[in-house]
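The structure appears right after this line, and notes come after that.
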Amino acid sequence: MTVRVRFAPSPTGYLHIGGARTAMYNYLFAKAMGGKYILRIEDTDTERSERKFEEAQIEDLKWLNLQHDEGPDAGGDYGPYRQSERLHIYKEWAQKLIDNNQAYHCFCTEAELTAKKEIAVAANLPPHYDGKCRNVSKDEAAKRMAAGEEAVIRFKTPLKSYEFTDHVRGHVVFPEGMVGDFVCVRANGLPVYNYAVVVDDITMKISHVIRAEEHLPNTLRQLMFYEAFGANPPEFAHASLLIGEDRQKLSKRHGATSVRLYQEQDYIPSAMLNYLLLLGWSHPEELEIFDVHQLGTLFNIDRFIKSPAIYDIKKLDFINGQHLRLLPTDELIAKVEKILPAEHPFLKMEKEWKERCVTLSKEKMNFFKDIIPLLELYFGNEISTEADYVEARSWETTPKIQEYLLGEVTKARAAGKSFVTEADYNEWSNHVKGELKIKGKQLFMGIRAALTLQAHGSDLKFIVPLTPLEILEKRLKMS
RNA sequence: GCGCCCAUCGUCUAGCCCGGCCUAGGACACUGCCUUUUCACGGCGGCGACUGGGGUUCGAAUCCCCAUGGGCGUACCA
């Protein structure tokens, strides 16, 4: 069997975090099985759907590196891939249902329906459609429609129970009578979700439906359609929901829920995917940091967890840092340069210097922007106001160190040097230790204070060779 | 209301299907110590969970039942 899966968002906003996760699941499954991953746009809700959101979502998906094999922008043999362009198919298939007496035209007004529903709810009965128009003959229906009466197409739900095996939930049973006759085509001719999905999934030869748990109850209606059309249902996997800290389904009020926001904050796409995958799925070898694109057949839809996952980005930040450290040096430099202000001295440094600098700095970064304060070590001359720094400045040993170092730096500059080496630095510190007889805290913090104007920071033997002598000299003349 | 689903550290999770190796493992966060000051990284620790009650069994996080809690759905939204 050829595996064909799809991600089917509605273009009513930017790509949601939960949507991204579902898209990734489908994408990874297709890759693992050597199948196809399809993007289908479900834009039958004309009120809320907008083309610009479709474009935005495709861009977001691209940013995440989840490229689909077929879709409205990519083409394919099973198009069109936009539901709004498939209306003739839904119409045709609905006619088949009517011809087979599996559906009928319904003329009940909204007011009538609401009134009946209220009565049912008040009597603690399920608010199902009472089947009034089931008895309207096809001739009469034709006449009423010709006279201009509005009609929807209602599906005649069979009175029986349905069951299926879900890759996540196991054996699921829907007892009979759970739903009444429901609408499949609206008065305006547009299909309703549960109906359109099945027509599309059948015609697009979808083999596996991987989606969020909120769709589990929809599976019942969809199963009914598969049966009505005499088609075999696909395999299903309903992944757990992403929820907020209040344990409610993740939505806008939970803060940053659109992928776009993470892109704007410069998160690394591979980290994003890594984190999202871990929310509801676990690596067979319990690995935590990995490139999801390298997973291959390790990705298995039977490893989903059933319970919902609270979306909490603390771990995302950590994972972002891990992925940042894994980036090739050249790429890291390019990323860093993109976020640096135009006049930043980093930009003017030589390639080798940049390489050493980012290699050293990345250990302390979770985000690209984290390098900005770190670069102050090499270019800044702000004097620390920390208590430790003030203390270091109060020692009588510190001016001696400063005087000695200034001499050395001046010498080096006179010799035409721009930087010192690590060996030079070691010589300095040995001199302070051996000749000036300063040791311990006075030694290290003293040198640091004189050379960096700070009390804390990275290992001096790495920082000092990366700091322009010009800057060191300037600092040594300050205090 | 009715239906469906879920239930392990604060969070993400392993283990559950095929009961014993679980005095429940890992990760994030928090935190202590170490690495010739500090921070970060790293290493070694700490804190910290099987929702409750019944059953089945020699033995249950694992199987069954009930309760409780939570979620999803119940649209001419998707």
Side-chain angles (χ1 to χ4, degrees), chain A residues 8-10 12 42-45 47-49 83 106 108 110 113-114 117 120-128 150-154 166 168-170 172-175 177-180 182-194 196-197 211-220 238 240-241 243 245-249 275 278-284 286-289 302-303 305-319 321 325 360-366 370 374 386 388-389 392 433 439-448 454-460:
Chain A
S10 289
T12 56
E42 308 216 326
D43 54 354
T44 54
D45 181 355
E47 302 273 295
R48 300 192 300 147
S49 297
Q83 289 189 327
C106 169
C108 296
E110 214 177 309
L113 260 18
T114 330
K117 191 179 279 180
V121 170
N124 264 344
L125 292 168
H128 295 162
E150 280 210 331
V152 300
I153 299 174
R154 249 179 223 285
D166 188 278
V168 184
R169 312 281 142 192
V172 178
V173 180
F174 299 108
M178 260 182 78
V179 292
F182 57 93
V183 175
C184 44
V185 180
R186 295 179 257 223
N188 63 8
L190 258 23
V192 152
Y193 170 74
N194 280 301
V197 163
R211 72 218 319 186
E213 197 201 325
E214 64 196 275
H215 288 293
L216 191 59
N218 286 328
T219 310
L220 169 61
H238 287 92
S240 59
L241 238 33
I243 58 179
E245 276 176 76
D246 55 0
R247 308 207 143 262
Q248 307 269 311
K249 187 164 75 162
Y275 170 69
L278 259 15
L279 250 31
W281 187 84
S282 63
H283 189 108
E286 283 208 66
L287 256 47
E288 303 253 341
I289 305 298
D302 294 313
R303 285 196 68 83
I305 192 171
K306 294 176 173 185
S307 48
I310 295 180
Y311 182 74
D312 167 19
I313 65 167
K314 268 192 234 112
K315 200 166 185 168
L316 169 60
D317 291 357
F318 166 79
I319 292 178
R325 276 158 231 176
L360 181 62
S361 305
K362 69 178 180 183
E363 298 304 327
K364 296 179 188 166
M365 297 161 58
N366 273 350
D370 290 347
L374 259 20
E386 266 185 274
D388 285 347
Y389 178 79
K433 206 178 334 182
K439 56 188 177 181
K441 204 175 178 186
Q442 272 76 17
L443 168 67
F444 289 101
M445 216 188 265
I447 295 178
R448 183 182 294 281
Q454 301 292 319
H456 306 296
S458 297
D459 201 330
L460 285 171

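Proteins come first, then strands; the chains are lettered A, B, ... in the order of their sequence lines, and each starts at number 1.
- Residue Ile305(A) is in sugar-phosphate contact alone, with no base atom involved, counting any heavy-atom pair closer than 4.0 Å across all strands shown.
- Look at Lys117(A) and you'll find a side-chain N or O under 4.0 angstrom from OP1 or OP2 of A75(B).
- When each of Cys106(A), Cys108(A), Pro127(A) is tested with Leu113(A) by the rule side chain to side chain contact (heavy atoms under 4.5 Å, CB included), just one qualifies, namely Cys108(A).
- Comparing Arg169(A) and Glu286(A) along RNA chain B, the residue whose closest nucleotide (by nearest heavy atom) sits nearer the 5' end is Arg169(A).
- The P atoms of A78(B) and G70(B) are separated by 30 Å, rounded to the nearest whole Å.
- For Lys306(A) and C16(B), the NZ to P distance is 12 Å, given to the nearest whole Å.
- Heavy atoms of other residues, nucleotides or ligands lying less than 6.0 angstrom from CD of Glu245(A) number 12 at most.
- The shortest distance between side-chain heavy atoms of Phe182(A) and Val192(A) does not fall below 4.5 Å.
- Remark: the separation of the C1' atoms in C22(B) and C41(B) is 33 Å, to the nearest Å.
- Considering only side-chain N and O atoms, Lys315(A) lies nowhere under 4.0 angstrom from the phosphate OP1 or OP2 of U11(B).
- Between the C1' atoms of G69(B) and C33(B), the separation comes to 41 Å (whole Å).
- We find the CG-OG distance between Asp43(A) and Ser10(A) to be 8.0 Å, quoted to the nearest 0.5 Å.
- For Gln248(A) and G70(B), the shortest distance from a side-chain N or O to OP1 or OP2 is not below 4.0 Å.
- Heavy atoms of Ala187(A) sit under 4.0 angstrom from at least one base atom.
- Remark: P of U38(B) and CZ of Phe444(A) are 11 Å apart, rounded to the nearest angstrom.
- If you measure from atom CE of Met365(A) to atom P of C39(B), you get 21 Å, rounded to the nearest angstrom.
- The C1' atoms of G19(B) and G59(B) are separated by 8 Å, rounded to the nearest whole Å.
- Taking atom C1' in both C63(B) and C17(B), one finds a spacing of 10 Å when rounded to whole Å.
- For the C1' atoms, the distance linking A27(B) with G48(B) amounts to 14 Å, nearest Å.
- Here the side chain of Pro175(A) is nearest to one of G71(B), G3(B), A27(B), namely G3(B).
- Taking 4.5 Å as the limit, some side-chain heavy atom of Pro284(A) sits within range of a side-chain heavy atom of Arg303(A).
- Taken from CG in Leu278(A) to CD1 in Ile289(A), the straight-line distance is 7.5 Å, to the nearest 0.5 Å.
- Among the heavy atoms of the strands, none lies under 4.0 Å from Val197(A).
- Remark: Lys249(A) is in phosphate contact with G73(B), judged by side-chain N or O atoms under 4.0 Å from OP1 or OP2.
- A distance of about 16 Å separates the C1' atoms of A61(B) and C18(B), rounded to the whole Å.
- Interatomic distance, Ile243(A) CD1 to Asp312(A) CG, rounded to the nearest 0.5 Å: 11.5 Å.
- The side chain of Ser240(A) contributes no N or O atom lying less than 4.0 Å from OP1 or OP2 of C5(B).
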Pull out every protein N or O sitting under 3.5 Å from an N or O of nucleotides 42-49 of chain B, one pair per line with the distance.
none

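- Nearest-nucleotide positions on RNA chain B place Ala309(A) closer to the 5' end than the other of Ala8(A) and Ala309(A).
- Within the 4.0 Å cut-off from OP1 or OP2 of A14(B), at least one side-chain nitrogen or oxygen of Ser282(A) is found.
- Nucleotides U31(B) and U74(B), compared at atom C1', are 48 Å apart to the nearest Å.
- If you take CZ on Phe444(A) and CG on Leu460(A), they are separated by 8.5 Å, rounding to the nearest 0.5 Å.
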